[in-house]
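I have placed the structure first, in the form of structure tokens, so that the comments after it can refer back to it.
Just so it is clear: chains get the letters A, B, ... in the order the sequence lines come, proteins before strands, and each one is counted from 1.
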Amino acid sequence: MIRINCPICGLRSETEFTYGEDASVTRPAMDESAAQPWLDYVFNRDNPRGWHREYWHHAQGCRQWLVLERNTLTHEIGTCRLAREDAA
Amino acid sequence: MVEVRSPLRERITPGQFGAPGDAGVVLGNRTLAGLWQIAGWSDFDEAADPVLQALGLTALGSYRQAQQAAGVRAWRTAPDRMLFETPQDLTPFNSAALAVLDLGHARTCITLSGPIARDVLAQVIAVDTAPDVLKPGMFLQTGLHSVAVLVHCTGPDAFEILVPVTWAESVWDILFENALPYGIAVREAA
Amino acid sequence: MTHYSAFSVFRHALRGNKTWGRAWRDPEPKASYDVVIVGGGGHGLATAYYLAKEHGITNVAVIEKGWLGGGNTGRNTTIVRSNYMMPGNTMFYERSMKLWENLSQDLNYNVMISQRGQYNLCHSPGQMDAARRRGNVMRANGIDAELFDRAEVRRRLPYLDYTENARFPIHGAIYQSRAGTARHDAVAWGFARGADRRGVDILQQREVTGYLWEGGRIVGVQTNRGDIRAGKVGLCVAGHSGHLARMAGLRLPIETHSLQAFVTEPYKPLVDTVISFGAAHFYISQSDKGGLVLGGDLDMYNSYAQRGGLPIVEHTLASAKALMPSVSRLKLLRHWAGVMDMSMDGSPFIAKTPVDGLYLNGGWCYGGFKATPASGWCFAHTIARDAPHADNAEFTLNRFERGYQIDEKGMGPKPNAH
Amino acid sequence: MKRLDQGGRIDRSKPLNVSFDGQSLPAFAGDTLSSAMLAGGVSLVGRSFKYHRPRGVFSAGVEEPGAMVHLRSGDRHEPNARATVTEAFDGLVSTSQNAWPNLQFDIGAANTWLSPFFSAGFYYKTFIGPFKHSTKFWMMCETVIRKAAGMGRASLLSDPDRYEKRGAYCDVLVIGGGVAGLTAALAAGRAGAKVLLVEQDTALGGALLSDPVGGAGDAWIASVLAELQAMDSVRILTRTTAFGAYDGDTYALVERVTDHLRVPEDAQPRQRYWQVHAKRAIMATGAIERPLVFGGNDLPGVMLAGAVRTYLNRFAVLMGERAVVTTNNDSAYSVAADLARSGALVTLVDMRAEVAADTRARAEKAGVFILTGHGVLQAKGGKRLTSVDVVPVDRGSRTSGAVRVIPADVLAISGGWAPAVHLWSQRFGKPVYDAASGSFIAPEDPDKPLQPAGICAAAASLEDVITQAMRRGAEAARATGATGAPGDSPAAFDTGAFWQNDLSPNWAVFDAEGRCKGKAFVDFQHDVKVSDIDQAHLEGYVSVEHLKRYTTLGMATDQGKLANINALSRMAELRGMAIPEVGTTTFRPPFTPITMGALVGHEHGRHFRPTRLSPLHHWHAENGAQMTEAGAWMRPWYYPEKDEDLRAAYIREATHVRTHVGIIDVSTLGKIAVQGPDAAEFLNRVYVNGWKTLAIGRLRYGVMLREDGFVMDDGATARLGEHDYVMTTTTANAAKVLAFAEHLLQTAWKDLRVHVTSVTDQWAAFAIAGPKSRALLQTVSGADLSRDALPNNHWTLAQISGVPVRIHRMSYSGELAYEVYVPSGHAAHVWEALLSAGDDFELRPYGTEAMGALRIEKGHVAGPELDGRTTLKDLGLEGFASSKKPFVGSVLRKRPVLEDPERPTLVGLEIDGDTGAKAGSLLFAANEEPKGHGDGWVSSTTYSPALGRNIALALLKNGKARTGEEIRVVNFVGGEDLKARVVSPQFFDPEGDRQNG
């Protein structure tokens with residue numbers, strides 16, 4: 001049971017959340033008209049063994065999207081912050 | 001005024017159910033006096049202020065502690081969102097800086113109380129319900145049978161659960177089912 | 001090497017079973033091979049087998065980090081079927097089914113293909129329509145499929161929940177009678193023995209740590225126990241494709257996720273077929289030993305940890321009880337997980353990569369086991385001829401750029417939704 | 001075997017009615033089923049998996065491989081119940097399993113004579129059959145094999161019992177209630193931590209419960225327990241197994257609440273599944289005794305030494321008058337001494353050449369005859385043990401002298417103790433080999449939140465156990481922030497029991513050639529013998545995992561609890577390696593088999609998933625609607641009159657809409673409030689069409705794409721105010737669209753001042769359609785809804801029966817139509833008001849099937865067409881896409897294959913004949929042989945009442961250009977082959993005169 005420390009709601013079980021996607025890929029700007037940046041954003045992944053930045057949605061809580069650091073080998077949890085406050 | 005019909009009207013039969021003896025749990029249903037969401041952006045503090053003042057509140061509050069004023073309950077549900085139970089019409093506060101939304105028909109309130117209420121709650125939500133953790137006046141947003149609800153601890157053994165009306169029967173059934181071994185008194189809807 | 005038969009078992013038994021030879025050798029590696037296959041699971045071993053058998057390429061090594069068959073080959077729920085609807089998939093999986101049907105004979109190793117059929121249950125008129133479309137595509141491509149209504153499903157599978165109490169009533173099912181199960185370990189061992197007999201070197205306990213390059217071309221692999229040169233290098237490392245591709249400078253449309261599997265205590269025959277629930281990701285069958293084998297949904301987050309999370313355990317068992325209420329009093333014996341290459345459209349890759357000398361077989365999502373023979377067969381063809389066979393022609397890496405998404409479920413580019 | 005008159009932890013004043021295979025057993029409160037069986041002289045309990053060998057009770061705990069039975073009957077029937085952990089209760093009925101025709105005369109036992117042919121891996125080498133491209137031969141053999149395999153027979157009846165699930169949160173979870181667990185809990189509790197102590201047994205005390213009653217241990221337990229029970233912060237659960245350690249410091253427990261009763265009463269659950277979130281945990285799970293391996297070591301009468309002692313001291317069952325105890329360590333001296341004191345004639349066969357003088361002296365004083373440097377070559381007997389062949393052995397466990405036959409009715413065996421490190425291994429990986437204790441333990445790592453204590457950490461004495469557990473308990477409490485003092489350790493005491501001292505590595509007895517004599521079992525239930533391991537090795541299955549899979553060793557219901565370490569010892573010998581080099585397998589949850597229903601809790605039957613109900617649900621049900629599932633929702637499918645079937649009903653309903661007026665509940669549509677100054681910009685980005693010019697009071701149909709350019713969803717959005725919009729989505733995609741919108745706003749588009757909130761629950765919605773809809777609505781609302789006052793794609797506020805509502809003018813059916821949005825608490829009131837006022841207009845409800853017929857007649861796409869693989873062009877919606885702005889998916893939708901002019905596109909089909917086509921049929925050119933993937937497929941079909949014929953929507957390659965073509969519609973799985981003509985998908989009123997009227 002992954003336990004996520006939601007900055008709004010506190011430590012909660014993963015069952016309240018929905019896993020979103022890789023947060024290390026950046027959505028191109030709306031006016032980006034070349035295909036490659038969109039292909040990279042939508043399809044291609046680093047898929048790291050180890051630390052991974054990823055989006056989780058607190059769908060059964062405060063409905064905030066979070067950026068969570070999590071280790072894909074050990075399931076260790078790192079920092080968790082609101083996506084809207086995430087600098088990267 | 002046309003009466004607001006509870007989504008649990010067909011579900012609730014007052015009486016005594018489950019294990020015999022004194023009821024460990026009292027279940028009931030209350031129609032909200034009115035429910036409003038306000039939402040803003042980076043200047044939410046400022047934008048929300050007139051609403052808070054009108055309702056007799058002073059601050060946005062924390063994400064854990066509910067606020068009370070005369071006839072008003074307030075919950076800070078997100079950095080830029082609050083929810084109020086109030087009979088007052090907040091539409092006039094709607095502006096470019098503050099989005100006001102009427103959710104008065106969107107939720108119904110299931111009341112859960114009694115000496116075993118905390119145990120029943122521990123069976124249906126994945127959050128610690130111990131008395132030293134979930135104290136009177138505190139609230140939380142969580143999933144109950146996969147339904148997003150707001151649980152407000154209103155007393156040492158008393159809780160109010162705000163449930164989306166279309167899911168209300170399922171949530172009621174699950175609470176009822178989980179309370180059976182303790183004996184349930186079901187109250188007339190208020 | 002002994003030819004396996006009832007007679008050979010009898011003969012060895014009379015000698016106290018002390019005279020059996022090795023099923024495959026444990027050779028010293030050569031300095032160089034025509035083809036090096038990375039990954040000693042079913043797909044890698046099958047590729048080596050078919051390289052030797054179909055293309056006469058026997059100077060082949062299979063390099064395995066651990067013990068062969070120890071990845072997803074030995075962790076799956078052993079289901080074999082060919083009920084695919086999308087062009088690009090349909091004939092590939094049917095090739096696999098045809099290879100399965102003769103695999104024990106071909107390998108002289110009983111991989112226990114048991115065609116006890118598979119039901120995909122439907123729980124709404126819409127699901128029945130979707131099942132009909134799938135069934136029709138199968139039939140139009142010469143693959144067996146039948147559509148059953150509720151009454152027929154009830155007659156055949158009386159132990160499912162047909163009461164008013166069922167949350168998602170059963171409307172019917174699509175059935176493939178040739179589908180079934182195989183003994184997963186035996187598939188790896190059978191291919192290993194078959195490949196070894198044809199001269200392939202199987203090198204276990206050897207981990208690939210990098211590639212040997214010459215002028216932008218891959219000419220071999222570095223391993224933790226020395227370099228090995230190769231004319232061509234083929235990756236068959238589903239679950240870890242992204243990792244090995246990144247060593248070659250490639251970023252793949254793949255994420256790695258954990259998929260769990262479950263087995264109960266053994267019981268006398270109860271479920272004589274494979275049943276997929278249509279209202280949740282769940283399927284059930286019963287092994288020859290008697291354990292009910294259950295499969296569920298992915299743990300939704302990226303993971304390389306070969307162990308599963310509790311929420312999916314609960315979901316899977318709840319699905320089991322929803323489908324078949326009597327399992328409630330039966331006991332779960334063991335659950336485990338494998339790591340899957342989840343591709344962006346749910347379909348695999350069997351293709352040359354943009355890197356010269358490097359070939360990729362991966363992206364199998366949940367469906368790798370059933371594909372094992374055809375995957376090896378097509379990958380061998382692709383490596384040997386430097387061009388795909390018609391049956392794997394669409395399993396390219398550039399199909400996303402072209403827009404040719406082979407999306408059986410219509411879920412879009414969400415790897416955990418396929 | 002007999003029950004003693006004195007001693008034990010049973011209550012002789014409470015006899016229980018317990019039976020096995022019809023035989024009544026002399027059971028008392030405090031017994032297990034196995035102790036009652038032994039007290040009743042039952043030695044043969046079950047048959048093994050492969051050879052159907054007779055098996056008796058082998059252990060006294062969860063590791064039991066043989067004594068498995070059918071427990072209870074009817075809908076509470078439970079197969080594979082381990083007698084050793086089944087508490088006796090009044091009315092317990094058990095029967096034997098896996099034997100035919102009966103336990104005493106089991107035909108399957110013939111397998112044991114054929115065992116040379118059933119050697120390791122024989123399945124893989126045989127049954128291949130002579131037929132190419134056919135699996136029939138194997139499947140024929142398999143049918144027989146399947147019947148012979150399996151253990152117990154499962155019931156097909158639904159489980160009548162309740163199960164509960166609950167969460168618990170604590171600072172320190174202590175798993176195991178023996179000396180180590182009690183001590184650790186005491187230390188943590190005294191320090192002020194919130195402690196949960198769980199024990200799988202019925203009572204606390206662990207190994208002390210196997211000591212003679214009334215000893216120092218009992219006083220120790222009583223005093224520690226009294227202190228624990230006095231602490232508010234300590235909670236104790238017995239009959240509770242911690243079966244899994246999971247991520248997030250979550251531990252899964254099952255409490256057997258009422259399994260010790262005949263039936264649960266007063267709505268009590270049978271079992272309760274606990275999900276415990278513990279900041280720190282202590283694993284005080286003890287150890288499991290290792291068997292020794294020799295011929296016939298599976299005979300009934302051969303038993304783990306610790307179990308013999310448990311039956312004697314806890315259950316007052318003396319296993320035999322003539323006992324042989326064989327061991328490679330000191331611990332079995334306890335049982336030898338206790339048996340001798342109880343009057344048995346005891347021979348202790350010790351494989352070690354030397355034994356500590358004190359140990360020897362104490363045992364001899366109790367009357368034990370000791371043979372050192374000896375081992376058991378073979379146990380003999382038919383269905384139970386009669387004698388033991390004892391031989392001198394050398395250091396390598398090989399026979400080095402003559403056989404001595406000792407008559408015996410019980411043989412107690414001990415090969416040392418294997419710490420139960422399962423939970424640690426589940427979470428953190430493989431345990432490490434500890435040469436000192438000859439066992440696998442958790443490696444020392446103070447950072448881990450789960451720490452072993454006591455025998456589970458290979459503690460070598462009771463003092464060590466207590467000291468170590470105190471320290472672990474105190475450390476764990478401190479790590480969670482508790483600041484209190486753990487106080488002094490409870491004093492150690494002398495139990496009189498021997499510990500696993502001077503363990504020798506001998507684990508089996510071999511003849512001069514290094515082979516076991518007779519059938520020497522390593523895995524008892526699965527009948528894996530030493531010779532099977534040897535054969536697997538010969539054949540190259542040399543890794544631990546290969547061995548396990550090739551021989552099925554460790555895969556029985558005890559999951560290798562007894563077999564693993566002996567198998568590793570053999571492999572190490574064969575490979576010429578040390579045990580740690582051979583490695584071990586990873587332990588997987590659950591620790592012991594877990595009842596599946598327990599983990600399901602209340603999520604079964606109709607509560608498998610929550611159900612979403614429209615505010616009008618009960619009206620529909622009461623008015624005869626046939627309901628259907630639509631995702632989580634229930635929707636009215638059709639409202640049959642008299643004995644109408646679906647077809648008759650929807651044709652009538654759809655006809656009524658076209659001729660009069662109908663009403664349908666569309667409350668399930670997703671409704672999202674889109675608010676804020678940048679709302680229009682937001683809509684402009686998520687929809688393919690433009691939104692900047694939509695005026696207040698108007699609404700517009702929109703389509704949105706996924707990021708990869710395929711169509712995601714469609715629906716109408718109304719502008720309610722300067723900064724306020726309400727978006728509607730399809731029923732199926734509501735949650736997905738909302739989460740996607742939130743994601744975009746909180747990640748990529750943080751600069752947009754927009755809030756999105758679900759208002760699906762706030763608003764009920766009814767579509768009112770038909771030529772009389774305007775007149776009806778004007779009558780009930782009093783509003784002016786004339787064509788000029790409320791043109792298409794406009795909305796207005798009104799009142800119906802005292803309720804303020806919003807009326808959207810839009811049509812899905814192609815008729816003059818409106819959608820009425822009503823606050824959901826007033827939905828039933830307004831609906832009823834409409835229907836009663838509508839008598840003059842003959843307003844009738846219609847269901848989703850009729851709605852489908854109406855939309856197909858109009859060529860509107862819905863779920864079947866929006867299948868996640870279709871583009872705007874495919875669906876004829878390309879015209880909506882703006883070329884003046886970017887939107888979600890606008891770049892990737894231009895990829896070559898998505899733009900291919902040959903792609904299947906939406907067409908209408910007029911189907912020949914009376915039967916209609918089935919959705920999912922394939923399309924082929926009339927002169928084409930129907931094979932391959934076809935030219936397209938039928939997505940939606942209906943009988944069109946308006947056209948008086950069967951029609952369909954379909955996706956057809958190059959569809960538009962083929963208008964007028966006659967094509968084949970083939971439904972292979974239904975045996976239908978029809979002809980159809982390709983037409984425009986707008987079958988009915990293509991000009992839209994009716995809806996615009």
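Heavy atoms of D/H829 lying under 4.5 Å from chain B belong to its backbone as well as its side chain. At a 4.5 Å heavy-atom cutoff, D/D678 makes no contact with chain B through either its backbone or its side chain. If you measure heavy-atom distances from D/L745 to chain B, you find no contacts under 4.5 Å at all. Only the side chain of D/W633 comes within contact range of chain B, with heavy atoms under 4.5 Å apart. Heavy atoms of D/H755 lying under 4.5 Å from chain B belong to its backbone as well as its side chain.
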Evaluate salt bridge (Lys or Arg N to Asp or Glu O under 4.0 Å) for B/D43 paired with D/R753, printing each intermediate quantity in order. CA-CA 11 Å; B/D43 46 3; D/R753 287 165 70 95; 3.5 Å; yes
Dump the intermediate steps for side-chain contact (heavy atoms from CB on, under 4.5 Å) on B/L55 and B/F84, then the final yes or no. CA-CA 9 Å; B/L55 296 175; B/F84 302 100; 3.5 Å; yes
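Ranked by heavy-atom pairs under 4.5 Å with chain D, the list B/P20, B/G18, B/A130 is led by B/P20. Of the residues considered (D/E722, D/H826, D/H277, D/R272), D/H826 shows the highest number of contacts with chain B, using heavy-atom pairs under 4.5 Å. Of the residues considered (B/N94, B/V124, B/V147), B/N94 shows the highest number of contacts with chain D, using heavy-atom pairs under 4.5 Å. Listed options B/L180, B/V100, B/D102 were ranked by heavy-atom pairs under 4.5 angstrom with chain D; first place goes to B/D102. Contact count versus chain B (heavy atoms, under 4.5 Å) is highest, among D/K165, D/H618, D/H723, D/H617, for D/H618.
For B/R30 and B/E85, the salt-bridge test passes: some basic side-chain N is under 4.0 Å from an acidic carboxylate O.
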